[in-house]
Amino acid sequence: MRYRQLIRDGTQVSVIGLGTWPLGGHMGEMEVETAISITRAAIDAGINLIDTAQAYHPSEARLGRALRDGYRERCFLASKVIGDYSAAGVQNALEDSLRNLNVDYVDLYQVHHPDPAYPFDQTMEALERLQEQGKTRYFGASNFGVEHMEAAFSGARFHTNQPRYNMLDRRVEAEVLPFCERHGIGVLAHSPLAKGLLTGRYRVGHKFPDDDERARLSRFQGESLAHYVDVADRLKELAADKGISLVQMAIGWLLRLPVVSCVLVGAKSPEQVREHLVAADVTFSSDELARIETILENTPGAMYDS
Ligand SMILES: NC(=O)c1ccc[n+]([C@@H]2O[C@H](COP(=O)([O-])OP(=O)(O)OC[C@H]3O[C@@H](n4cnc5c(N)ncnc54)[C@H](OP(=O)(O)O)[C@@H]3O)[C@@H](O)[C@H]2O)c1
């Protein structure tokens with residue numbers, strides 16, 4: 001595993017992190033025992049960044065079980081607050097998360113989405129107080145645009161942002177990533193496989209079970225899916241030429257930018273985690289990068305319906 005700096009004080013994390021949204025069963029059924037083996041397989045392989053959230057219920061409680069037996073000490077644990085971003089709201093949410101996770105502190109506490117109903121500066125001040133209380137070591141944002149980050153800075157100098165970034169959604173390249181780079185904000189990229197579109201596994205007409213969020217996402221239906229399947233098939237050929245899988249190429253390609261400290265990948269099995277590991281060492285020639293650009297050129301940036 002490779003490690004990169006996430007925080008300006010020099011704190012490093014693994015370039016591949018474990019995203020735990022699927023561990024809560026939101027991308028199809030997940031047994032508790034499977035959630036535990038996925039988490040432990042990741043940590044045993046050198047992945048130290050584990051990302052969860054209040055909104056991923058019951059992922060936090062499952063992680064709490066997985067992180068027993070000395071695993072908690074081996075990871076950089078991140079969680080998020082959602083909904084009520086008032087000072088009391090973030091304090092209560094963090095205390096709930098600590099109880100669910102069965103830990104005394106998290107390493108990173110993030111605001112899940114920008115919500116102008118709560119002044120960004122006041123929310124960041126509240127997070128800074130939680131840091132002072134020792135309940136989180138660092139604090140940050142998620143899905144924040146430049147204007148949100150600027151407003152948040154006037155409250156406290158937060159440490160990280162967690163934007164959606166993958167080969168099919170590159171909107172953050174224009175402003176968000178350059179802003180993070182200029183201001184030393186650590187970047188955790190989420191949804192790197194576009195929730196499975198960049199695995200090349202799903203074909204037109206695929207039906208997801210009702211308990212899988214993808215059953216309701218328009219990008220996994222009809223013409224939209226047909227378009228992404230076509231893009232994924234072309235990318236898959238290029239990956240095969242490099243002797244790697246599309247999954248490994250999609251993750252490794254995000255790491256071509258030094259501003260990306262960590263790519264948060266979701267997994268449904270320990271085998272999927274093991275496939276991700278190779279991505280930490282993938283490099284690209286300028287010719288390969290140009291071929292990827294050509295394939296992605298006709299992919300609309302704003303593909304997402306959630
Ligand atoms: N801050 C935010 O608002 C936000 C939003 C979304 C996600 N996130 C974070 O980012 C993490 C990653 O996003 P995500 O989990 O939603 O989606 P993702 O990482 O883009 O895709 C994960 C899914 O792809 C499939 N997959 C993973 N590895 C594979 C492999 N080696 N081979 C074949 N298929 C594979 C699995 O589903 P199947 O096997 O069922 O296809 C897995 O559940 C989340 O878990 C979460 O921590 C944050």
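Note that ligands are numbered from 1 as they come in the structure, with each ligand's atoms numbered from 1 the same way.
For the atom pair Leu217 CG and Phe208 CZ, the distance stands at 8.5 Å (nearest 0.5 Å).
Looking at Lys195 next to ligand 1, an N or O pair under 3.5 Å apart turns up.
With a heavy-atom cut-off of 4.0 Å, Val247 touches ligand 1 through its side chain alone. Here Gln272 has heavy atoms under 4.0 Å from ligand 1 in both its backbone and its side chain. Residue contacts with ligand 1, taken as heavy atom pairs separated by less than 4.0 Å, do not involve Gln110 at all. When heavy-atom distances to ligand 1 are checked against a 4.0 Å cut-off, Pro192 comes that close through both its backbone and its side chain. Contact annotation: for Asp212 versus ligand 1, there are no heavy atoms closer than 4.0 Å. The proximity of Ser142 to ligand 1, defined as any non-hydrogen pair under 4.0 Å, is limited to the side chain. Only the side chain of Thr199 comes within 4.0 Å of ligand 1, counting heavy atoms alone; its backbone N, CA, C and O stay farther away. Residue contacts with ligand 1 for Arg274 are absent, since no atom lies close enough (heavy atoms, distance under 4.0 Å).
Checked against Leu63 for a side-chain contact (heavy atoms from CB on, under 4.5 Å), the options Asn102, Leu18, Ile50 give a single hit: Ile50.
Heavy-atom separations between Lys80 and ligand 1 include at least one value shorter than 4.0 Å. Not a single heavy atom of Glu271 sits under 4.0 Å from any atom of ligand 1.
Protein heavy atom at the shortest distance from atom 31 (N) of ligand 1 is Glu275 OE1, 3.0 Å.
Using a distance-only test at 3.5 Å, with no hydrogens or angles considered, no donor-acceptor pair links the side chain of Ser224 to the main chain of Gln221. Without hydrogens or angle criteria, His26 side chain to His57 main chain gives a donor-acceptor distance under 3.5 Å.
Geometrically, Arg164 does not engage Phe144 in a cation-pi contact, judged by NZ or CZ lying under 6.0 Å from the ring centre and within 45° of the ring axis.
Ring geometry for Tyr202 versus Phe220: interplanar angle over 60°, hence perpendicular rather than tilted (30 to 60°). Aromatic ring orientation, Tyr56 versus Trp21: perpendicular (interplanar angle above 60°, classes split at 30° and 60°).
When all heavy atoms of Gln91 and Glu95 are compared, the closest pair comes out as NE2-OE2, 2.8 Å.
Judged purely by distance below 3.5 Å, without hydrogens or angles, the side chains of Ser97 and Glu60 pair a donor atom with an acceptor atom.
Closest to atom 6 (C) of ligand 1 by heavy atom, among Ser191, Pro22, Ala189, Gly196, is Ser191.
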